[in-house]
Each structure stands twice: as C-alpha cells, then as structure tokens.
Protein chains: 2
Amino acid sequence: MQTNDHLKPTDSELEILNILWEKGPCTVREVHEVLEKSKEAGYTTTLKLMQIMHDKNLLKRDATNKSHIYTANISQEKTQGQLVKRMIENVFNGSASQLVMQALGQHKSNNDELQEIKRYLEEIEKRSSTNK
Amino acid sequence: MQTNDHLKPTDSELEILNILWEKGPCTVREVHEVLEKSKEAGYTTTLKLMQIMHDKNLLKRDATNKSHIYTANISQEKTQGQLVKRMIENVFNGSASQLVMQALGQHKSNNDELQEIKRYLEEIEKRSSTNK
DNA sequence: TTCGTCTTACGAAATTATTCGTAGACAATT
DNA sequence: AATTGTCTACGAATAATTTCGTAAGACGAA
C-alpha cells in the first residue's frame, strides 16, 4: 500500500490535476483540449503524462471503455496543504506568517477576500485562547 | 544584461540560498558544513552546485583569494515573492486568500504572529479605501 | 624536498521530467 | 473490404538536476 503523502507533483502534473479537480473525471482528450488553450502540446505528450501520473498513483482511471477516464486520486485541499507546508519550511524557514504577508503583498486581494481572511484569523484566535 | 526575475531556484539551490541569506558571504566549505548537518552530501557536490548557481547568476563570488567567497545575488524577499506568486497562480488558481488560509491552517502560528498579520491586513484595508 | 591537505575545475554518470514518433487495436465510414 | 480516425502502449530523444570521481595547483609541516 502506497500513500502519496510525500509526493510533489511537478508543474506539468499540477496543470493536469487542476483541470481534473475543476472538471471532474475526464478522458485524455478532454484534458488535452483544455491544456492546448494555454500552451503548445502534442496529444501523446498529454497521454504519456497522464499515464505516468497513473503509475505514480496521482490519478486513477476507469479502463472499461476504449477511452479511459481519469480522475484525480489526491484531493486538491490536501495537495495544496502539502505544497504550502513545504514552502513554509523551505522558503520561509518555518514562518507561516511570513508567507501570509508575502502572499497578501503579492496579489491585490479585493475587499471580500480580506474580510474572509479576517474572519478566519479571528476564528483561530478564539480557538487558541480557549485551548490555553 | 540578464535579470533573473523569472528564475526558479531548485530545492537544492534554495537550501544554499537560505544559508547564504542567513550567514552572509561564505566559502563553499562553510556552506557545506551547514548543509551536512541536515543531509548527506559530498563536498564536491556542494562546490559544483554553487559553481552552477554562479553561472546562473544566482550567486556572485569574490575569487581574489584561493577560497572563493560566495554571496547570494538575488534578494530573499524578491525570491520569496516570486515563489509565492507562482504558487498562487499554479496551485491556487490566482486566489491569494486561499493560499493564506491554507498557510494559517497548516502551521500553528503563535499569538504575536497573528497580531502581526492582523496589523498588516488593516494596513492594506486602509490603503485600499483611500485609493478608491 | 616530499607528503598530506585544501582548494578549484572539469567531465561524466545517474536520475527525473518532458516531449514526441510510431505501432497496433478497434470502430465507423466509404 | 479498404480507408480513415481515434485510442493506448511503448520506446526513445532531450533536457535539467544532482551526484561524485579525478586532476591540478597552492600551501604548510615534517
């Protein structure tokens, strides 16, 4: 039994995962058509990538029909969490707040987003003060 | 003239950059000794890596003495910013607030850190309301 | 001087990621 | 039946990253 808890999807793999997370189960062709919009790529390249991802257990597939149907086998949330964690460790020396501030400075968030973050912060504070 | 604005340091390169950012100018040996604490590595491996980073303009060096002295040639802040930006785009589909919340959930921040983030948020709000 | 140690430079192996060409299977169309 | 198109599988070229062995020069100690 293999978990992929430690796995780090490459950039290309991430592009494919993003498509599958958004659209749900897809054939190679469907994924490929989305990819083509944003970059040059041959069909067999996409196919091969998805086969490799299947070997790595990043995707699962239904092969009953001729056109196999692929699904992401790792959750978006969990993957995002792992990547963020890795970045906190490797790039921000363990300081999540440093990352947070870089992120806020990097990308202009609109007011709704800022409010959401504030709510979230307050929730954390509440939790941590009761957990004393 | 070449900028390295688009460059993405690899994980190994980041380890070296972190050391140089923290300690300032170092010889290969000094860097290597820090690296050895956290992982297995031969001296020439570290040397080669730093030479390559010098070729890529990630490091600059003073070669007047026999033991060359290397310095990071990209700033920590700027590098962190680029990596965060890339992550927002590739992993969080452009939503900085999603990343922020993942980061806060990922790593338990202490109260001081939370306060700092709150201050920062308020500053952003202030700025955006005057810039209407 | 001669030996051991430290340094850089260089080349190359090993590994991983990315790309694509080609072949074979299968089904629909002519 | 022959052609065309779509699919998978496979192998291989290319490129980037990481690793390390070895050579050559400098330097100091025995």
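Residue numbering restarts at 1 for every chain, and letters A, B, ... go by the order of the sequence lines.
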- Do M50(B) and R61(B) come within less than 4.5 Å of each other through their side chains, counting heavy atoms only? no

Taking [atom1] from [X] and [atom2] from [N], how many angstroms apart are they, rounded to a whole number?
{"X": "I52(A)", "N": "dT18(C)", "atom1": "CD1", "atom2": "C1'", "result": "8 Å"}
{"X": "M50(B)", "N": "dT19(D)", "atom1": "CE", "atom2": "C1'", "result": "16 Å"}
{"X": "L49(A)", "N": "dA9(D)", "atom1": "CG", "atom2": "C1'", "result": "15 Å"}
{"X": "I69(A)", "N": "dC7(D)", "atom1": "CD1", "atom2": "P", "result": "12 Å"}
{"X": "M53(A)", "N": "dT18(C)", "atom1": "CE", "atom2": "C1'", "result": "13 Å"}
{"X": "H68(B)", "N": "dC6(C)", "atom1": "NE2", "atom2": "P", "result": "17 Å"}
{"X": "L47(A)", "N": "dT6(D)", "atom1": "CG", "atom2": "C1'", "result": "11 Å"}
{"X": "D55(B)", "N": "dT18(D)", "atom1": "CG", "atom2": "C1'", "result": "15 Å"}

- Query: What pairs of residues pass the salt bridge (Lys or Arg N to Asp or Glu O under 4.0 Å) test when at least one of them lies in residues 26-35 of chain B, not counting sequence neighbours?
  - Reply: none

Establish, with yes or no, whether the OP1 or OP2 oxygen of [N] is under 4.0 angstrom from a side-chain nitrogen or oxygen of [X].
{"X": "Y43(B)", "N": "dG21(D)", "answer": "no"}
{"X": "Q51(A)", "N": "dA9(D)", "answer": "yes"}
{"X": "R61(A)", "N": "dC7(D)", "answer": "no"}

- Message: Which residues pass the side-chain contact (heavy atoms from CB on, under 4.5 Å) test with K60(B), not counting sequence neighbours?
- Response: T71(B), N73(B)

- Query: Within a reach of under 6.0 Å around CD of E36(A), are more than 12 heavy atoms found that belong to other residues, nucleotides or ligands?
  - Reply: yes

- Over 12 foreign heavy atoms within 6.0 Å of CD, E22(A): no

- Item | Donor-acceptor under 3.5 Å (Q82(A) side chain, K8(A) main chain) | no

- Return each pair, listed once, that meets ring-ring contact (aromatic ring centres under 6.0 Å, His included) where at least one residue sits in residues 26-84 of chain A; pairs must be two or more places apart or across chains. H32(A)-Y43(A)

- The residue, T45(A) or Y70(B), whose nearest nucleotide of DNA chain C is more 5′ is Y70(B)

With sequence neighbours left out, what residues match [X] under side-chain hydrogen bond (donor to acceptor under 3.5 Å, both in side chains)?
{"X": "N90(A)", "result": "none"}
{"X": "S75(B)", "result": "none"}
{"X": "E89(B)", "result": "none"}
{"X": "E15(A)", "result": "K39(A)"}

- Could you list by number each residue of residues 9-17 of chain A showing a heavy-atom separation from DNA chain C of less than 4.0 Å, or answer none if no residue does? T10(A), S12(A)

Check the interface with nucleotides 11-15 of chain D: list each N/O to N/O pair with the protein under 3.5 Å, or write none.
residue, atom, partner, partner atom, Å
dG11(D), N7, K48(A), NZ, 3.4
dG11(D), O6, K48(A), NZ, 3.3

Find every protein N or O atom lying less than 3.5 Å from an N or O atom of nucleotides 21-30 of chain C, and list the pairs.
residue, atom, partner, partner atom, Å
dC26(C), O2, K66(A), NZ, 3.4

- Going by heavy atoms closer than 4.0 Å, what residues in residues 18-31 of chain B are next to DNA chain D? none

- Query: According to a 4.5 Å side-chain heavy-atom criterion applied to Ile, Leu, Val, Met, Phe, Trp and Tyr, with indirect links allowed, do L17(B) and I69(B) form part of one hydrophobic cluster?
  - Reply: no

Side chains of residues 91-98 of chain A: which donor-acceptor partners sit under 3.5 Å, not counting sequence neighbours?
residue, atom, partner, partner atom, Å
S95(A), OG, S97(A), OG, 3.4
S95(A), OG, Q98(A), N, 3.1
S97(A), OG, E113(B), OE2, 3.1

